[in-house]
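In what follows, a single structure is set out as structure tokens and then discussed.
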Amino acid sequence: MTSRGSARVVPLRPGDGEPEASSSVVPLPVRKAERRAPSGGLLDFLRRRLSGDYEIDEFGFDQEFTEAVLIPLLRPLYERWFRVSAHGVEHIPGEGGALLVSNHSGVVPIDAVMTAFAVHDEHPEHRFLRMLGADLVFDTPVLGSLARKSGQTLACHPDAERLLREGELVGVWPEGYKGVGKPFSARYKLQRFGRGGFVSAALRTGAPIIPCAVVGAEEIYPKIGDIKPLARLLRLPYFPVTPFFPLLGPLGTVPLPTKWHIEFGEPIPTDGYAEGAEDDQMLVLTLTDRVRESIQDMLYRRLARRRGIFTG
């Protein structure tokens, strides 16, 4: 992984958790406590950018850029537009690896970005959520580069396990496109979680699983249709039709200012199982169903207390 100028790639810390020789996963950097903390004002930040005197890890994560540029840009959206309320932040560990598993919705996956922002801004340790994204994210110009800089990486087992072993907080949205692109009539009904690959990664690393439920994102772009021929032409999983898009053109891309709640549930431990538990398909499916049911229950409870879509 390279960057502009003479940006330094932080090397792997010697020790346990080395990938197997056949693994294609690039090494991770030293832990956060050992990274250089951003310092100085805007002029110092710009000087380091122009001279290349900044650090990235070998997944492309640029901590200084994320804290100085991306997070301030997202804060008005989080605090003023969606007025997000975070609950259960104390269930996120202050250190060590953990796997955050959430529902997915909203046509455009803004919910993942807001969840990562909630973890960083609401948690006392200001942890970064290393999100696992689909190929489409990294194949999209500009978006792919920003995703890398903000700490995202491709949704694959080796990357997820490597991050977890190095004590990172990893986020996964197992519904994928089935969740984010589901019709408005199916709102807050979880789609299939696949074969439980995220559970296998947690079992293999002993990382706890933290269920997460997001209420409010389903209504930002009410999807009432899908133009499939246009989606195929553009190589997209769907081309949404909402009450405002494409009828109102660019104006229809503005998300509705719904009131959001993000709830982090109690961790589900995975470190008490015997070695090789990740190969027990029945156990993997059982834990997958447990995580899914936990998220669905949180969604129903939160919806039962909601006064309105825009008032919360």
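The chain is numbered in sequence order, starting from 1.
- Under the side-chain contact (heavy atoms from CB on, under 4.5 Å) criterion, L285 pairs with Q281, not counting sequence neighbours.
- By the 4.5 Å heavy-atom criterion applied to side chains, E67 and H120 are counted as neighbours.
- A donor-acceptor pair is defined here as one N or O able to donate and one able to accept, closer than 3.5 Å; such a pair exists between the side chain of S150 and the backbone of A147.
- Between Y177 and Y238, the ring planes lie perpendicular to each other; the angle is over 60°, past the 30° to 60° tilted range.
- Within the 4.5 Å cutoff, the side chain of W173 has heavy atoms near those of the M131 side chain.
- T115 has its side chain within reach of C212: a pair of non-hydrogen atoms, C-beta onward, lies under 4.5 Å apart.
- Residue L132 holds its CG atom at 8.5 Å from CG of L154, rounded to the nearest 0.5 Å.
- Looking at T258 and R83, their side chains never bring a donor and an acceptor atom within 3.5 Å of each other.
- Between R49 and D62, the closest side-chain pair of non-hydrogen atoms falls below 4.5 Å.
- Aromatic ring pairs are classed by plane angle as parallel below 30°, tilted from 30° to 60° and perpendicular above 60°; the pair H261 and H87 is parallel.
- Hydrophobic clustering of Ile, Leu, Val, Met, Phe, Trp and Tyr side chains at less than 4.5 Å, counting indirect connections, keeps L143 apart from L74.
- Atom CH2 of W81 sits about 11.0 Å away from atom CD1 of I110, to the nearest 0.5 Å.
- Residues passing the ring pair (Phe, Tyr, Trp, His ring centres under 6.0 Å) test with H157, sequence neighbours excluded: none.
- One N or O on the side chain of D226 and one on the backbone of F239 form a donor-acceptor pair closer than 3.5 Å.
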Less than 3.5 Å apart, which donor and acceptor atoms pair up between the side chains of residues 180-189 and the rest of the protein, not counting sequence neighbours?
residue	atom	partner	partner atom	Å
K182	NZ	H104	O	3.1
K182	NZ	G179	O	3.0
K182	NZ	E218	OE2	3.0
R187	NH1	F184	O	2.8
Y188	OH	G216	N	2.7
Y188	OH	E219	OE1	2.9
Y188	OH	E219	OE2	3.2

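- Qualifying side-chain contact (heavy atoms from CB on, under 4.5 Å) partners for A217, counting only residues two or more places apart in sequence or in other chains: S105, D111, V214, W260.
- Across T286, V284, V291, a single residue satisfies side chain to side chain contact (heavy atoms under 4.5 Å, CB included) together with T288, and that is V284.
- The side-chain contact (heavy atoms from CB on, under 4.5 Å) test applied to A98 returns P93, L169, P208, I210, not counting sequence neighbours.
- Remark: the backbone N or O of R290 is not paired with any side-chain donor or acceptor of S294 at under 3.5 angstrom.
- Evaluation of the salt bridge (charged side-chain N to carboxylate O under 4.0 Å, His left out) rule for D121 yields R75 as partners, not counting sequence neighbours.
- Note that the CD atom of E125 and the CD1 atom of I92 stand 11.5 Å from one another [nearest 0.5 Å].
- Rounded to the nearest 0.5 Å, atoms CG (D44) and CZ (R48) are 5.5 Å apart.
- For I71 against F117, the heavy-atom pair with the smallest separation is O-CE1, 3.4 Å.
- Here CG of L287 is found 15.0 Å from CZ of R292. Values are rounded to the nearest 0.5 Å.
- Hydrophobic clustering (ILVMFWY, side-chain heavy atoms < 4.5 Å, transitive): L70 and F138 are in distinct clusters.
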